[in-house]
Amino acid sequence: QQQVKQSPQSLIVQKGGISIINCAYENTAFDYFPWYQQFPGKGPALLIAIRPDVSEKKEGRFTISFNKSAKQFSLHIMDSQPGDSATYFCAASYGQNFVFGPGTRLSVLP
Amino acid sequence: EAQVTQNPRYLITVTGKKLTVTCSQNMNHEYMSWYRQDPGLGLRQIYYSMNVEVTDKGDVPEGYKVSRKEKRNFPLILESPSPNQTSLYFCASSRQVLNTEAFFGQGTRLTVV
């Protein structure tokens, strides 16, 4: 119930391409869905977040798509750049419960 | 600069030798938590604190202790470390627990031999 599944485990994309990372959850009590970006040697940092009352949120090249009925949400990175190479974690929370997905290692080739 | 500071960044210790990893935040956040990060498992919550003197177990609390005597500090204590506690540890803080951004420290890489 508390688990958040994330795929793929790793992703290689050419510069300028679209990176797509998918997550799924079971607990319908979750009401906040953030994505965190982590560079090597650093702690995770909030990239973008969405609440279940909207189906899409866009910030620059980053877009979250949210499908409440399917209990799925995804991160799209448009025009992917080598500087986007990092590990991405989806997460879900409600109250004091905060659960991370296992992470996706993204490599953007120049 | 708003930040979460962990110390030390790297630590190698022997089984059974008590250790403490410190965590301090300068944002006056109420909520603080500890995570461990292991390959393929993502970040798993060890303990969290909703305010001074209020702490609670996360998903993987066995073998760890915490305290929250001051709002800014949230140390993680391993009374008798074991090799299965070798991991990368992160402290995080947020303004409040409900739907707010978590700020993470730089991490502490712990090796228990």
Side-chain angles (χ1 to χ4, degrees), chain A residues 1-10 21-25 27 29-54 57 59 62 64 66 73 75 86-106, chain B residues 1-10 21 23-25 27 29-51 54-61 68 87-109:
Chain A
Q1 275 285 61
Q2 288 291 81
Q3 193 178 17
V4 175
K5 297 179 180 178
Q6 183 173 348
S7 63
Q9 196 171 24
S10 62
I21 305 170
N22 301 298
C23 285
Y25 63 97
N27 192 339
F30 288 134
D31 58 6
Y32 178 63
F33 300 89
W35 284 88
Y36 281 79
Q37 180 188 54
Q38 184 182 28
F39 293 106
K42 303 288 186 182
L46 180 67
L47 183 64
I48 187 172
I50 198 168
R51 292 186 171 82
D53 52 343
V54 298
K57 183 175 182 180
E59 290 184 1
F62 301 91
I64 299 179
F66 186 81
F73 58 110
L75 175 70
T87 299
Y88 292 81
F89 294 97
C90 62
S93 77
Y94 74 95
Q96 66 269 33
N97 299 283
F98 202 103
V99 183
F100 282 89
T104 295
R105 180 170 289 187
L106 172 65
Chain B
E1 180 190 353
Q3 59 184 7
V4 177
T5 303
Q6 293 178 229
N7 279 296
R9 292 289 311 276
Y10 303 91
V21 183
C23 174
S24 180
Q25 50 94 3
M27 295 169 278
H29 284 167
E30 292 185 353
Y31 186 84
M32 297 185 74
S33 56
W34 276 102
Y35 294 86
R36 61 178 289 172
Q37 183 176 9
D38 301 290
L41 298 177
L43 293 118
R44 293 179 293 167
Q45 192 177 59
I46 302 170
Y47 268 94
Y48 63 92
S49 169
M50 297 180 70
N51 214 325
V54 181
T55 63
D56 210 344
K57 297 177 181 179
D59 297 320
V60 288
R68 187 94 181 272
S87 187
L88 179 59
Y89 292 87
F90 287 100
C91 178
S93 75
S94 56
R95 183 169 46 87
Q96 59 188 46
V97 65
L98 292 175
N99 302 347
T100 58
E101 178 180 2
F103 292 83
F104 284 80
Q106 294 276 63
T108 296
R109 185 166 292 282

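Values in this document were obtained by computation on a predicted structure and should not be read as measured data. Because only heavy atoms are used, hydrogens play no part in the values below, and waters and symmetry mates are left out as well, while side chains stay in. Sequence lines set the chain letters: A, B, ... in the order given, protein chains first and strands last, and positions in each chain run from 1.
Residue Pro34(A): no heavy atom, backbone or side chain, is found under 4.5 Å from chain B. Neither the backbone nor the side chain of Gln6(A) comes within less than 4.5 Å of any heavy atom in chain B. Both the backbone and the side chain of Ala102(B) come within less than 4.5 Å of a heavy atom of chain A. For Tyr36(A), the part lying under 4.5 angstrom from a heavy atom of chain B is the side chain only.
Contact residues of residues 41-49 of chain B toward chain A are Leu41(B), Gly42(B), Leu43(B), Gln45(B), Tyr48(B) (heavy-atom distance under 4.5 Å). Within residues 29-39 of chain B, the residues that have a heavy atom under 4.5 Å from a heavy atom of chain A are Tyr31(B), Tyr35(B), Gln37(B), listed by number.
Few gaps surround CZ on Arg9(B); more than 12 heavy atoms of other groups in view lie less than 6.0 Å from it. Counting non-hydrogen atoms of neighbouring residues, nucleotides and ligands closer than 6.0 angstrom, the CD atom of Glu59(A) exceeds 12 such neighbours.
In plain terms, the two heavy atoms of Pro102(A) and Gly40(B) that are nearest each other are CB-O, 3.5 Å. The two residues Gln38(A) and Phe90(B) have their closest heavy-atom pair at NE2-CZ, 3.2 Å.
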